[in-house]
Amino acid sequence: MMKKIMKYYYILIAGALLIGVFYFFGQKNEDVKLVDICQNRNSDECKIDQLPYTSSSIPIDERVNDLIDRMSLEEKIGQMMLIERNSLKNDDDIALYGLGGLLSGMGSKPETNTPEGWLSMVNGYTRISKTTRLAIPVMYGADAIHGHTNIETATVFPHFIGLGATGDPELIKKVALATTEELAASGIYWNFSPNLDVLGDPRWGRFFESFGSSTSLVTELGTAYLDGIKSYDSSPYHPIGTAKHFVGAGAMVWGESYNKDFMIDQGESKMTSEELFQRHLPSFEAAIAAGVPSVMVGLNSWQGQKLSTNKYLITDVLKNDLGFDGFVVSDWYGVYEIEKNKYNSAVTAVNTGIDMIMLPFEYQRFMKDMQKAVKNGDISQERIDDAVARILKVKFQIGLFDNVDYNTNLTQDIGSEEHRKIAREAVSKSMVVLKNDNNLLPISKFSQKIYVAGTAADNLGMQLGGWSVEWQGIDGNWTPGTTILDGIREVMSPQVDLFYNKDGNFETDNQLADIGIMVVGEKPYAEGWGDTKNLSLNSDDLKTIEKLKKNSKKILVIIISGRPLEIKNEIKNWDATIAAWLPGSEGGGVADIIFGVQPITGKLPVAWEL
Ligand code: BGC
């Protein structure tokens, strides 16, 4: 009897489970509509080649209107999503969700991290996106903030703080163009650069990402960078940059981060309205005047309110007053950090004026929530159409619709000799001489004996800093390039006796070196993990300097860092000091300054207390 009851009981449970499963899938299909895919482009519902928006001979605004009129709500929502490639459950989701954008967060690379690996990955994604009913191409974005440093073999230019020290807009244009050529050679036409933050506190882990602390310098060089991107003409595409981080991210202060792991980053930008408009807005204003098509909203807050919820700044000021007619993109997971309720967060962000949401993970949720939001009237159809029109316009401008079959392989541009030459010029122009007693610099190429020491002397990872193949960078020699030691060896005369020991342990043979060159500084870091209140050299480096001093008649200390370090107490004991910032892959440019191959022209782009 008991057995019989149990049997019915099990049947009942199994039945309930089955109903549950059917209900769940039924619900899912009923709730979320996805994008229609075309197996056969020649079938009636998939024929697009005669449609006006596909014709490059009609004005872009007309193409946008024609396309929008044909789009379903789900196709429009798809365009508003920017997804990190690693969070794709399946590559086919690019088409099923009609994704507008894909990105590589730094470190998110194809299995073979080569130029060809990137090109085939990005082209593959584009091909999938073109299987959708209206064949709208996905737009791929990446951070090429000091070169296309997603790829190991790319040319790595100095981080922006070093470029700021050059103060040379013509050079910045060349750097931007070379970077764009390397990015475009891997099929990417959207760079999340330039950073237009006006710098404040050097304890911030992103200090090196911007040109400096002067509004006019950031504005001038930021505009030059955008001009450099615009001058690209190696293929029929027109790559774009992104002005970031709107606005006032450089004004974040210590101890006010909303992220429990950080001290400054993702925190409060403490400033008056006047300061915001006079010190932090002009670089964006100039970028807009220069035609930048995308603006990224910062993860910072102002007056206790997250920028991504500030409708006044994003819609009224940026779009209406400044006349920005490109699209606004949010930063990383920022939108879902607005509040706990994700539906409300997304609704707020879109209504604030954000057009493309860097989700960057949860596309299923967003697709469902936006459909609900439009149905409920929480977001108007006009707001969706405006956001999508802005995004599509830029896609047309880039040429994504018209050049998908463009096939010339330009991957030889990545890490080319020509680009490395530009980087080397940028490095030498970015060197700032902080001290030069008795004109020690330039050093004679024909000195008899030189000692070189220090953790950064033969260390590409330190030269490159953060945002280099991995988000936080990688210490050590793991990438092609010229270390500072290599550069010294290359530039000095072959008859010099040069000895290198990282720790400054040299055999004393009673003959002091004419000069001891010490290269020290910061290990790589990025964003909030680089927030620190300790800006001193570490004790091992200081000990090595002491050893070197004992063995050398004079010492030159070269500092590799993303920000001014505290060397006030030590610099008086050194004969010469160079701020080399984060010079990138071409250490030869440092040697060019040490030995006088190039003149010293670099100037401090930020204050440095000495
Ligand atoms: C940074 C942005 C960057 C984005 C995409 C964020 O963490 O704040 O500057 O463009 O990641 O990698």
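Ligands are counted one by one from 1 in listed order, and the atoms in each one are counted from 1 as well. Values below: all heavy atoms of this structure, side chains included; hydrogens, waters and symmetry mates excluded. Positions are given from 1, in the same order as the sequence printed here.
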For each nitrogen or oxygen atom of ligand 1, which protein N/O atoms lie closer than 3.5 Å, and how far apart are they, rounded to 0.1 Å?
unit_1: ligand 1; atom_1: 7 (O); unit_2: Glu527; atom_2: OE1; d: 3.3
unit_1: ligand 1; atom_1: 7 (O); unit_2: Glu527; atom_2: OE2; d: 2.9
unit_1: ligand 1; atom_1: 8 (O); unit_2: Arg206; atom_2: NH1; d: 2.7
unit_1: ligand 1; atom_1: 8 (O); unit_2: Arg206; atom_2: NH2; d: 3.4
unit_1: ligand 1; atom_1: 8 (O); unit_2: Asp331; atom_2: OD1; d: 3.4
unit_1: ligand 1; atom_1: 8 (O); unit_2: Asp331; atom_2: OD2; d: 2.5
unit_1: ligand 1; atom_1: 9 (O); unit_2: Arg206; atom_2: NH2; d: 2.8
unit_1: ligand 1; atom_1: 9 (O); unit_2: Lys244; atom_2: NZ; d: 2.9
unit_1: ligand 1; atom_1: 9 (O); unit_2: His245; atom_2: NE2; d: 2.7
unit_1: ligand 1; atom_1: 10 (O); unit_2: Asp143; atom_2: OD1; d: 2.6
unit_1: ligand 1; atom_1: 10 (O); unit_2: Lys244; atom_2: NZ; d: 3.2
unit_1: ligand 1; atom_1: 12 (O); unit_2: Asp143; atom_2: OD2; d: 2.5

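Under the 6.0 Å cut-off for aromatic ring centres, Phe284 and Phe324 do not qualify, their centroids lying 6.0 Å or more apart.
Annotation: cation-pi pair Arg206/Phe262 absent, no NZ/CZ under 6.0 Å from the ring centroid and within 45° of its normal.
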Indicate every side-chain donor-acceptor pair of residues 222-229 with a distance under 3.5 Å to a residue at least two apart or in another chain.
unit_1: Thr223; atom_1: OG1; unit_2: Thr219; atom_2: O; d: 2.5

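A donor-acceptor contact closer than 3.5 angstrom links the side chains of Ser269 and Asn300.
Applying ring pair (Phe, Tyr, Trp, His ring centres under 6.0 Å) to Tyr525 and the options Trp467, Phe208, Trp471 leaves one that passes, Phe208.
For NZ of Lys368, the number of neighbouring non-hydrogen atoms (other residues, nucleotides, ligands) closer than 6.0 Å is 12 at most.
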